[in-house]
Structures are given as structure tokens and as C-alpha cells.
Asks: 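Structure incoming, see below.
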Amino acid sequence: MNRVYVCSCFGVTEAQVKKHAEDGACTPRQIASVSKAGTDCGSCVRQIQSLLGRGACPRRELAEQGRPALAELPGLAGRAVPAAAAEAA
């Protein structure tokens, strides 16, 4: 199995970033809150952005409807999210 590392500081792979995106993370900050990727040297943030693309963001859609954006995504519900990340989401 060939692993492509996105964040060498924390050993986060491209597959992990894609899995977090499938679970509902749609910004680099949300990826950082579940994996720490992008929180040390920051050199991977642009690559994370390119992996996330400009597709639909379930969290943004929930927030625009005035619904809780963190609690309703099954892959990310119950995970600790710093207050600053929750406010930015």
C-alpha cells in the first residue's frame, strides 16, 4: 500500500483527509480539528485545500439553515472542536 502523506508533521495521509471530508469536514480548519494536519508548520494547508476542492459543504448548508452544524454530521459528531473552530465553521 502506497501512502501519500499530506502532513508530515503529524503523519496524516491523503486518504485520511479524504475520509474526513466524506465525514463532513469541508475546510482546512475542520480537518485540523480532527487530525491536527496543518497546525504545526502549515506547509500542508494548501494541499488540504486542493483536496477539499470547492464542492458542497454539508456544514455550511446546515449553518445557513440555522441548524447546528457540528452535531448533525455522523463522522464528526462528538469530537472535541476548539471554540474558535466551531465559531469559524
Side-chain angles (χ1 to χ4, degrees):
M1 177 180 204
N2 188 14
R3 293 185 177 161
V4 177
Y5 286 94
V6 173
C7 176
S8 56
C9 295
F10 292 105
V12 179
T13 66
E14 186 174 295
Q16 289 172 308
V17 170
K18 289 179 179 179
K19 175 66 175 136
H20 292 312
E22 288 172 10
D23 289 344
C26 54
T27 67
R29 183 174 284 180
Q30 292 166 347
I31 295 293
S33 74
V34 294
S35 70
K36 292 182 146 183
T39 62
D40 193 25
C41 77
S43 66
C44 61
V45 173
R46 288 191 188 271
Q47 188 172 0
I48 292 169
Q49 286 173 326
S50 71
L51 288 170
L52 295 174
R54 294 189 172 264
C57 178
R59 286 183 172 193
R60 188 177 310 119
E61 292 166 7
L62 288 171
E64 287 172 354
Q65 296 169 7
R67 296 169 51 198
L70 297 176
E72 296 191 33
L73 294 175
L76 298 176
R79 296 193 186 193
V81 178
E87 291 172 7

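What you see below is based on every heavy atom in this structure, not just the backbone, and it leaves out hydrogens, waters and symmetry mates. What you see is a predicted model; the values in this text were computed from it and never measured.
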Asks: Could you tell me whether the side chain of D23 reaches within less than 4.5 Å of the side chain of K19, counting heavy atoms only?
Replies: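 Heavy-atom side-chain distance check passes, below 4.5 Å.
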
Asks: Under the 3.5 angstrom rule, does the side chain of Q47 hit a backbone N or O of C44 as a donor-acceptor pair?
Replies: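 Side chain of Q47 to backbone of C44, a donor-acceptor pair under 3.5 Å: no, none is there.
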
Asks: What is the minimum heavy-atom distance between T27 and L52, and which atoms define it?
Replies: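 So the two residues come closest at C-CD1, 3.4 Å.
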
Asks: Which heavy atom of A21 sits nearest a heavy atom of I31, and at what distance?
Replies: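 Closest approach of A21 to I31: N-CD1, 4.3 Å.
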
Asks: Below 4.0 angstrom, N of the basic side chain to O of the carboxylate: do K18 and E22 qualify?
Replies: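 No, K18 and E22 are not salt-bridged.
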
Asks: Among P28, S50, C7, find the one that has a side-chain contact (heavy atoms from CB on, under 4.5 Å) with V45.
Replies: P28

Asks: Taking side chain as C-beta onward, heavy atoms only, is H20 less than 4.5 Å from S35?
Replies: yes

Asks: Quick check: is Y5 connected to F10 through a chain of hydrophobic side chains (ILVMFWY, heavy atoms under 4.5 Å apart)?
Replies: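 Different clusters.
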
